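Since this is a predicted model, take the numbers as computed values, not measurements. Below, chain A is the first sequence line, B the second, and so on; all start at residue 1.
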Amino acid sequence: DGGITQSPKYLFRKEGQNVTLSCEQNLNHDAMYWYRQDPGQGLRLIYYSQIVNDFQKGDIAEGYSVSREKKESFPLTVTSAQKNPTAFYLCASSRNQETQYFGPGTRLLVL
Amino acid sequence: AQSVTQPDIHITVSEGASLELRCNYSYGATPYLFWYVQSPGQGLQLLLKYFSGDTLVQGIKGFEAEFKRSQSSFNLRKPSVHWSDAAEYFCAVGARAAGNKLTFGGGTRVLVKP
């Protein structure tokens with residue numbers, strides 16, 4: 001069964017803590033993306049990766065970091081430098097940088 | 001830089017009535033255009049896309065959209081709405097020259113009255 005999985009579904013972060021959101025795909029897609037969605041707003045691009053071991057900043061990269069060591073995986077770390085991390089985070093992937101397909105999302109809440 | 005505007009934040013429609021969601025974009029070249037739908041707490045599902053060719057595109061769930069270059073629009077339509085169409089709808093434009101980074105509109109929430 002092909003698709004994009006994100007875990008966990010809910011994540012709680014304490015003050016000063018780094019947390020990592022997982023995104024895995026078995027679609028053999030080259031490109032992967034991370035978006036942030038705030039209530040009542042559209043999606044904003046955080047980071048994207050077109051090939052393994054390479055990634056670029058999106059529009060709102062400050063306070064976030066990523067890695068792309070494997071084609072299937074593109075984890076996002078929300079660092080303590082991100083002062084307003086509460087949001088819904090969506091991962092996407094695409095083949096040949098065309099249509100993006102989305103995972104189910106992770107909701108991050110601050111304790 | 002590309003941008004997308006969805007002028008209607010909320011739309012309420014009766015079940016069985018027609019639906020049209022507006023989308024206007026700004027992009028210097030011929031864009032990739034997409035419509036996605038999102039149910040509460042879920043990811044985005046692709047409804048349809050336009051890359052080139054026929055400007056009227058058909059999608060899933062009975063939706064269609066028309067690309068009008070002269071108006072920089074890509075409006076989404078459905079002839080007869082079902083209660084299950086209640087959701088949030090996002091229009092997005094992709095930049096061909098930049099790895100198809102998507103820029104999203106703010107979304108339109110559709111409520112369906114019985």
- Task: Answer with side chain, backbone, both or neither: which region of A/Gln37 has an atom nearer than 4.5 Å to a non-hydrogen atom of chain B?
- Result: side chain

- Message: With clusters defined by side-chain heavy atoms of hydrophobic residues (ILVMFWY) lying less than 4.5 Å apart, directly or transitively, does A/Val78 cluster with A/Ile60?
- Response: yes

- Task: Could you check which of B/Gly106, B/Gly105, B/Gly107 has the highest count of heavy-atom pairs closer than 4.5 Å to chain A?
- Result: B/Gly106

- Message: Please classify the contact between B/Gln45 and chain A as side chain, backbone, both or neither, with a heavy-atom cut-off of under 4.5 Å.
- Response: neither

- Query: Can you find a pair of side-chain heavy atoms, one from B/Leu102 and one from A/Tyr35, that are under 4.5 Å apart?
  - Reply: yes

- In this structure, are over 12 heavy atoms from other groups packed under 6.0 Å from A/Leu109 atom CG? yes

- Contacting moiety of B/Leu44, where chain A heavy atoms sit under 4.5 Å: both

- Query: For the residue pair B/Lys101 and A/Tyr48, what are the closest heavy atoms and their distance?
  - Reply: CD-CE2, 3.2 Å

- Message: In the structure I gave you, are the side-chain heavy atoms of A/Leu90 and B/Gln42 within less than 4.5 Å of one another anywhere?
- Response: no

- Less than 4.5 Å apart, any side-chain heavy atom of B/Gln38 and any of A/Phe88? yes

- Query: Given the rule that I, L, V, M, F, W and Y join up when any side-chain heavy atoms are under 4.5 Å apart, are B/Ile60 and B/Leu56 in one cluster?
  - Reply: no

- In terms of hydrophobic clustering (I, L, V, M, F, W, Y; side-chain heavy atoms under 4.5 Å; direct or indirect links), are B/Val81 and B/Val37 co-clustered? yes

- Message: With a 4.5 Å cut-off on side-chain heavy atoms, are B/Tyr36 and A/Gln100 touching?
- Response: yes

- Task: Give, as side chain, backbone, both or neither, the part of A/Leu45 having an atom under 4.5 angstrom from any heavy atom of chain B.
- Result: side chain

- Side chain to side chain, B/Phe51 and A/Thr99, heavy atoms closer than 4.5 Å: yes

- State plainly whether one hydrophobic cluster holds both A/Met32 and A/Tyr89, where clusters connect Ile, Leu, Val, Met, Phe, Trp and Tyr through side-chain heavy atoms under 4.5 angstrom apart. yes

- Same apolar cluster: B/Leu21 and B/Val112, side chain cutoff 4.5 Å: yes

